[in-house]
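To start, the structure itself, in structure tokens.
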Amino acid sequence: MIRNVSVIGAGTMGNGIAHVFAQNGHQVVLIDVSEAQLQKALKTIQKNLDRQLAKELITAEQKEATLQNIITESRIEKGVDAAQLVVEAATENEALKLELFKKADAAAPKDCILATNTSSISVTRIAAATGRPGQVIGMHFMNPVPVMKLVEVINGYATAQSVTATIVELSRKLGKIPALANDYPGFVANRILMPMINEAIYSLYEGVAGVEAIDIIMKLGMAHPMGPLQLADFIGLDVCLSILNVLYSGFGNPKYAACPLLVNMVASGKLGIKSGEGFYSYTQGSKGLVVSEKFR
């Protein structure tokens, strides 16, 4: 039974993954080279636990137990030395992920499973950077992790069936719903989602409709909880572009080529919520969606 979990990366996804494991009784080591990022992650976890407490989803005792289950560490070598499962949740950058997996592979116990939260990068390539490719798998959590039920479980070419079974069972014990996919560009979630977002951006780029109209049509007509342009802002336009580039490179099919408008927005630093502006403008304290001045 997996009890000790190390999470590499204390950003949005990493702190959410640490939160969920700790809330379900696992001992979690949250690892990041930045002490400031680690402290920010702990504050975010506490804030999200307070939100759950206010909604009576957890008790005060469960909140305190969750926080007690998390410790922080800045060194991978020390952070994974007792791990039964390592979940990497660093930036969507292949070179960085390969480096992190080499370090985790060298320091983690031999029977430890190494998982990546990548949303598009090949699990097989990541596994090949280690000496244990059969014990490497994808665990693609959705944002926000404490709320979203799906875990896309991705088998690399060499992933052992026993490892897949362990991760599927573990995902269920976390209160998640695992869905299996094989290791091809974009897996399932982003192979389907990103072309839709890209087509929405093309519709804006070509003057078919405005930002609000595109999102309203998809929300009301297709029962999507969030329009594709708002969702792109939420994900991060730089992340969307990166995933589209992985799809285009992996398949060599022009249908995955990123819209020039998306390329230009990323180049100009308009990345969505994280930068304060994308297709919409985001100001602190504002509750309503405000279309960016560029698209009014």
Side-chain angles (χ1 to χ4, degrees), residues 6-18 20 30-34 37-38 40-41 44 76 86-105 114-130 136-145 148 150-156 179 181-198 201 228 231-251 256-259 262-263 265-275 278:
S6 296
V7 178
I8 301 175
T12 300
M13 296 304 295
N15 75 59
I17 293 167
V20 167
L30 182 57
I31 306 165
D32 200 289
V33 292
S34 168
Q37 187 62 51
L38 287 169
K40 181 181 178 183
T44 299
I76 288 179
V86 173
V87 182
E88 170 273 319
T91 304
E92 196 73 351
N93 177 293
E94 183 173 329
L96 174 62
K97 289 184 186 294
L98 295 179
E99 179 186 350
L100 293 175
F101 268 80
K102 286 175 184 175
K103 288 182 178 179
D105 179 46
L114 305 180
T116 175
N117 183 56
T118 182
S119 57
S120 63
I121 296 169
S122 169
V123 174
T124 301
R125 278 205 300 276
I126 291 171
T130 76
V136 177
I137 194 166
M139 285 188 84
H140 181 203
F141 290 85
M142 304 293 137
N143 185 31
V145 181
M148 299 291 278
L150 175 66
V151 177
E152 192 178 25
V153 178
I154 303 111
N155 285 316
N182 290 316
D183 185 29
Y184 293 98
F187 318 131
V188 173
N190 282 316
R191 181 172 177 172
I192 294 171
L193 174 63
M194 285 303 152
M196 182 192 74
I197 286 175
N198 200 39
I201 299 170
L231 180 56
D233 276 357
F234 180 74
I235 293 168
L237 302 191
D238 53 337
V239 176
C240 293
L241 178 59
S242 175
I243 295 169
L244 283 164
N245 287 340
V246 167
L247 290 167
Y248 185 47
S249 173
F251 290 114
Y256 297 114
C259 177
L262 174 61
V263 175
M265 290 178 73
V266 172
S268 65
K270 307 301 183 184
L271 308 180
I273 291 175
K274 69 174 78 174
S275 70

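Quick caveat, the model's predicted, so the values are computed rather than measured.
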For residues 265-272, run the donor-acceptor check on the side chains, cut-off 3.5 Å, and write out each pair with its distance to 0.1 Å, sequence neighbours left out.
unit_1: S268; atom_1: OG; unit_2: N264; atom_2: O; d: 3.2
unit_1: S268; atom_1: OG; unit_2: M265; atom_2: O; d: 3.0
unit_1: K270; atom_1: NZ; unit_2: E277; atom_2: OE1; d: 3.3

Please table the atom pairs, donor to acceptor, closer than 3.5 Å between any side-chain atom in residues 235-248 and protein atoms at least two apart or in another chain.
unit_1: D238; atom_1: OD1; unit_2: K274; atom_2: NZ; d: 3.0
unit_1: D238; atom_1: OD2; unit_2: K274; atom_2: NZ; d: 3.2
unit_1: N245; atom_1: ND2; unit_2: L241; atom_2: O; d: 3.4

Please output the side-chain donor-acceptor pairs of residues 189-198 that fall under 3.5 Å, not counting sequence neighbours, one pair per line with the distance.
unit_1: N190; atom_1: ND2; unit_2: S119; atom_2: O; d: 2.9
unit_1: N198; atom_1: OD1; unit_2: C259; atom_2: N; d: 2.9
unit_1: N198; atom_1: ND2; unit_2: A257; atom_2: O; d: 2.8

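Remark: S120 engages E92 in a side chain to side chain donor-acceptor pair (under 3.5 Å) (not counting sequence neighbours). Taking the salt bridge (Lys or Arg N to Asp or Glu O under 4.0 Å) definition, one finds that K103 meets it with E99, sequence neighbours left out. For Y184, there are no ring-ring contact (aromatic ring centres under 6.0 Å, His included) partners two or more places apart in sequence or in a different chain. Partners of D105 by side chain to side chain donor-acceptor pair (under 3.5 Å), not counting sequence neighbours, listed by chain and number: R132. Taking T124 as the reference, D183 meet the side chain to side chain donor-acceptor pair (under 3.5 Å) condition, with sequence neighbours excluded.
With values rounded to the nearest 0.5 angstrom, F187 atom CZ is found 8.0 Å from H140 atom NE2. One distance of note links CD1 of I121 with CG of N93; it measures 6.5 Å at 0.5 Å rounding. In this structure, I126 CD1 and I137 CD1 are separated by 12.5 Å, a value rounded to the nearest 0.5 Å. The distance from atom CE of M139 to atom CG of L114, rounded to the nearest 0.5 Å, is 12.5 Å. Remark: L262 CG to I201 CD1 distance equals 4.5 Å, nearest 0.5 Å. With rounding to the nearest 0.5 angstrom, the CD1 atom of I8 is 10.0 Å from the NZ atom of K97.
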Could you go step by step and tell me if M148 and N143 meet the side-chain contact (heavy atoms from CB on, under 4.5 Å) rule? CA-CA 7 Å; M148 299 291 278; N143 185 31; 6.0 Å; no
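When all heavy atoms of I31 and S6 are compared, the closest pair comes out as CD1-CB, 4.0 Å. Nearest approach of A115 to F101, heavy atoms of both residues: O-CZ, 3.5 Å. The heavy-atom pair separating A41 from N15 by the smallest distance is CB-CB, 3.7 Å. Of all non-hydrogen atoms in L150 and A179, the two that sit nearest each other are CD1-CB, 3.8 Å. Annotation for V263 and A258: closest pair CG2-CB, 4.1 Å, computed over non-hydrogen atoms. In this structure, I17 and A89 approach most closely via the heavy-atom pair CD1-CB, 4.0 Å.
Every pair passing salt bridge (Lys or Arg N to Asp or Glu O under 4.0 Å) that includes a residue from residues 118-127 is listed here, sequence neighbours excluded: E94-R125.
Within the 3.5 Å criterion, the main-chain N or O of I154 finds no donor-acceptor partner in the side chain of E152.
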